[in-house]
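Here is the structure we will look at, set down as structure tokens.
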Amino acid sequence: MNKRFLGFLFFLTIASVQFAFAQRTIPRTGQNTNQQGNREVTDPDEEEEGIVGRRSLLDDSTKMVYGPKTSLYFYEKDIKRNNLILYPQDTALTNFHNYDPVGKSNWKYQDLGNIGSATKSIYYEIPDVIGARSGFSAYDLYYHAPENNKYFDTKSPFTEMSAFFGGGQRNMLDLAFARNINSRWNVGFDLHTIRARKTLNPVARDDNMVSQTSYSLHTNYRSENGKYWFLGNFSRMLHKVNEIGGIIPPGIDTTSVYFTYEDAKVWLSNTQASDLRQEYRFYHEYSVRDELQIYHIFDQKNKDFTLTAALTGSDSLFYPSTRLNATLENTQSDTTRNYSDFKEWGNEVGFKGSFKGFYYNAHAKFRAGRMKSTFYPDKNNFNEVYLGGELIGKISDKWSISADGEYLIPGAFKLHGLFISPWLEVDYTKAVYKPTSMQQMYYGNHYQWENDFGNVGVDQIRGVLKLDFDKIQLRPSVTINRVNNYVYFNEDRKAEQASGEAFMLIPGLKAKVRIGRKFQWDTEVIYTQISGEASDKFRIPKFYGNTKFYFDSPMFNDNVYVQLGLDIRYHSDYFAEAYFPSTQQFYLQNSFNVYAYPVADVFLDFRINRTRVLLKYNHLNSGLMNKEGYFITPDYTGYKSFIDLGITWYLFD
């Protein structure tokens with residue numbers, strides 16, 4: 001982290017303290033009765049003394065007491081559904097040591113063995129958008145999308161600071177600030193950075209594989225009579241990656257050896273990828289009466305994806321020898337610059353309301369946009385019109401049923417139903433969605449295609465059984481997928497559409513077991529069976545497991561809360577998809593077995609007051625197995641032994 005940025009962080013911290021003065025919060029009482037159940041959610045793991053429920057903010061000395069329950073946050077989706085939920089700040093320790101985005105997913109994403117590297121979900125996921133998408137999603141996991149960002153309601157200026165220092169110079173910094181201008185208006189910002197040095201073949205101390213800076217500005221306002229509400233957000237991310245192309249296989253270069261890490265011989269040294277995103281999002285609604293509100297959502301997104309490669313040196317050996325964009329006007333025989341720009345504008349208008357325990361919504365949405373690239377022969381524009389709605393029936397806090405759907409005129413749709421009870425959850429999704437713009441048309445220097453793929457169809461049903469005993473919590477589950485016309489990237493790294501169907505049967509089990517008063521065992525096991533004509537187009541390990549055994553108890557007269565234990569993850573052998581930087585896509589391969597290998601981490605998470613600290617030793621079993629190490633993606637090794645340190649703390653005044 002450079003000195004300028006540390007100075008900037010110090011200035012913001014001092015400024016947040018100087019800004020402190022007493023403020024009021026958005027009223028909880030006297031709000032519109034259209035709120036279906038405004039409520040505050042308390043963290044079950046939080047054990048703050050002196051701040052329980054909505055107690056008075058005055059302590060015995062008549063001083064104002066600020067804390068996690070006086071700086072609350074909420075989400076746009078809950079406002080839209082007339083179900084305002086106010087969340088306190090998170091001080092829980094569970095899984096705190098898995099701080100990076102892939103770790104937070106319980107390692108259900110495949111990456112390139114470094115924080116901020118390209119990722120894809122190991123398990124099949126139905127896209128949120130059934131219409132046109134860019135198709136460049138390798139860095140989606142690291143983007144803080146406005147629709148998922150927090151909006152705050154603070155009684156005092158609030159600052160959250162998190163710093164994670166990973167072994168091998170893999171660092172992350174997160175900063176959030178929010179304050180109420182008055183009882184109905186809040187403003188704030190978030191700042192996130194990643195600086196991750198190459199784990200394979202770094203040539204200098206600051207030879208970073210990943211460099212990211214992202215931020216967002218947000219505000220929310222409610223009118224004095226409570227009838228009008230506005231949420232606004234601007235987000236920007238610049239994510240830069242110095243691609244390495246993986247380790248050169250020993251079969252190609254006999255001097256190349258796996259598991260030498262810093263001394264590894266890699267393919268690329270002059271190839272850079274860039275993902276630049278900017279997004280504006282505004283939500284506002286007006287309450288005509290208790291049972292009827294009118295709302296509007298405006299969303300404008302811009303995504304620039306660039307791959308630059310110098311082909312005059314050794315990097316040229318990695319790419320196909322044919323240079324497709326070498327012309328009289330543009331000579332890309334000694335360099336490559338693949339550029340794609342995806343831009344879209346969206347407007348959603350609808351009406352909604354709550355009546356006798358039911359919430360309803362009906363809306364129309366218009367999306368327009370285009371994918372632009374330097375060598376496209378024609379414009380690639382789209383205009384889309386959607387009709388949709390939602391119905392939620394909440395019988396009680398533990399029983400509810402909901403249904404929602406959206407129809408893209410013509411030919412694409414998504415229907416979803418969800419049933420929740422104290423002992424069972426079941427949801428069903430049926431969707432037909434478009435292939436991505438990149439899958440339909442792409443013009444790069446190494447690959448070019450124009451396709452006319454049909455829409456992809458999917459049926460998915462998921463069920464979870466809830467079994468709670470004295471000290472045991474069990475969650476057996478099953479997921480069944482049927483996918484037809486699936487679009488993927490084949491062994492030649494080109495987009496292709498499967499002709500048949502794939503059926504996935506995925507039973508799983510999550511379990512939490514309390515052992516005595518001070519020990520906890522958490523585990524998850526998933527089995528996947530794929531059949532059908534297109535089964536080989538999905539690369540998912542048959543077995544996946546993640547288990548943690550740890551000491552979990554307060555210490556030192558209950559002044560420090562501690563979790564100390566072992567975290568083990570495992571998957572069975574499978575031919576994981578490989579990654580090609582030029583197109584920024586994962587593709588099928590049939591020669592490299594990402595073999596089964598358990599990875600054990602030992603961790604210490606503890607909290608003093610509201611400050612959380614983590615200490616983790618990665619890959620404890622390194623050198624103790626019959627394999628020298630493990631792979632995550634073909635030719636990309638996982639972590640060697642590293643020590644990670646992290647800290648998160650809050651300022652409430």
Side-chain angles (χ1 to χ4, degrees), residues 77 120-138 140-141 143 145 147-148 297 299 301 303 340 342-348 363-371 380-390 403-418 427-442 449-462 479-490 495-504 506 530 532-535 537-538 540 577 584-587:
K77 63 181 181 180
K120 71 174 293 291
S121 175
I122 293 176
Y123 293 93
Y124 170 75
E125 294 182 340
I126 302 173
D128 293 331
V129 178
I130 60 175
R133 293 163 289 132
S134 70
F136 293 97
S137 58
D140 282 1
L141 194 63
Y143 179 58
E147 59 266 31
N148 299 322
I297 301 174
D299 197 36
K301 302 179 182 180
K303 304 178 182 180
S340 298
F342 185 82
K343 194 167 188 175
E344 68 171 276
W345 299 263
N347 280 282
E348 179 180 330
H363 68 265
K365 181 166 62 177
F366 175 74
R367 291 178 73 226
R370 53 105 178 104
M371 175 79 92
N380 190 9
N381 298 338
F382 66 89
N383 292 282
E384 298 176 343
V385 178
Y386 300 75
L387 298 176
E390 185 173 18
D404 61 271
E406 197 167 50
Y407 178 61
L408 169 57
I409 304 172
F413 65 89
K414 185 175 183 179
L415 299 173
H416 174 252
L418 174 64
D427 72 298
Y428 172 72
T429 302
K430 184 177 183 63
V432 173
Y433 61 88
K434 289 184 176 182
T436 68
S437 295
M438 190 268 184
Q439 291 169 340
Q440 294 283 34
M441 184 164 70
Y442 176 74
W449 58 74
E450 288 189 48
N451 297 312
D452 187 20
F453 294 143
N455 290 345
V456 182
V458 59
D459 288 277
Q460 180 183 84
I461 185 168
R462 296 185 293 188
T479 300
I480 302 173
N481 294 328
R482 181 196 66 84
V483 185
N484 65 290
N485 295 334
Y486 181 63
V487 180
Y488 61 98
F489 288 85
N490 62 22
E496 185 175 326
Q497 187 160 43
S499 58
E501 296 181 333
F503 299 90
M504 305 177 200
I506 310 174
I530 310 177
E533 186 180 346
S535 60
K537 312 310 178 187
F538 297 88
I540 303 173
E577 294 184 23
Q584 297 179 323
Q585 302 295 327
F586 287 84
Y587 66 94

Inter-residue atom distance D427.CG - Q460.CD, 0.5 Å rounding: 6.5 Å
For the side chain of E501 and the backbone of R482, is there at least one donor-acceptor N/O pair under 3.5 Å apart? no
Hey, are the side chains of I297 and E147 touching, using non-hydrogen atoms and a 4.5 Å cut-off? no
Scanning both residues in full, the closest heavy-atom pair of K537 with A498 reads CG-CB, 4.2 Å
List the steps, then state whether side-chain contact (heavy atoms from CB on, under 4.5 Å) holds for N455 with N485. CA-CA 7 Å; N455 290 345; N485 295 334; over 6 Å; no
Please report the closest heavy-atom contact between M438 and F136, naming both atoms and the distance. CG-CZ, 3.5 Å
So, taking the atom named CG in N383 and the one named CD1 in I409, what distance separates them when rounded to the nearest 0.5 Å? 13.0 Å
Partners meeting side-chain hydrogen bond (donor to acceptor under 3.5 Å, both in side chains) with Y407 (sequence neighbours left out): none
Minimal non-hydrogen separation, I126 against T429, with atom names: CD1-CG2, 3.8 Å
Is the shortest side-chain heavy-atom distance between Y433 and V129 below 4.5 Å? no
Between G135 and Q585 the two heavy atoms that sit nearest each other are O-NE2, 3.0 Å
Between OG of S134 and CG of D140, what distance do you get to the nearest 0.5 Å? 7.0 Å
side-chain hydrogen bond (donor to acceptor under 3.5 Å, both in side chains) filter on K365, not counting sequence neighbours, yields E406
Interatomic distance, CZ@F366 vs OH@Y386, rounded to 0.5 Å, equals 10.5 Å
Atom OG of S535 and atom OH of Y486: how far apart are they, to the nearest 0.5 Å? 13.0 Å
Of the non-hydrogen atoms in L415 and G405, which two are nearest, and what is the gap between them? CD2-CA, 4.0 Å
Using 30° and 60° as the class boundaries, would you call the ring planes of F538 and Y124 parallel, tilted or perpendicular? perpendicular
Do R133 side-chain atoms and D128 backbone N/O form a donor-acceptor pair below 3.5 Å? no
State, to 0.1 Å, how close K120 and E577 come at their nearest heavy-atom pair, and which atoms those are. CE-OE1, 3.6 Å
Can you list the steps and then say if F503 with I480 is a side-chain contact (heavy atoms from CB on, under 4.5 Å)? CA-CA 7 Å; F503 299 90; I480 302 173; over 6 Å; no
Please identify each residue that fulfils ring pair (Phe, Tyr, Trp, His ring centres under 6.0 Å) with F382, with sequence neighbours left out. F342
Could you measure the distance from the CE atom of M504 to the CD1 atom of I530? Nearest 0.5 Å is fine. 5.0 Å
Testing Q439, Q440, E384 for side chain to side chain donor-acceptor pair (under 3.5 Å) with K434, which one passes? E384
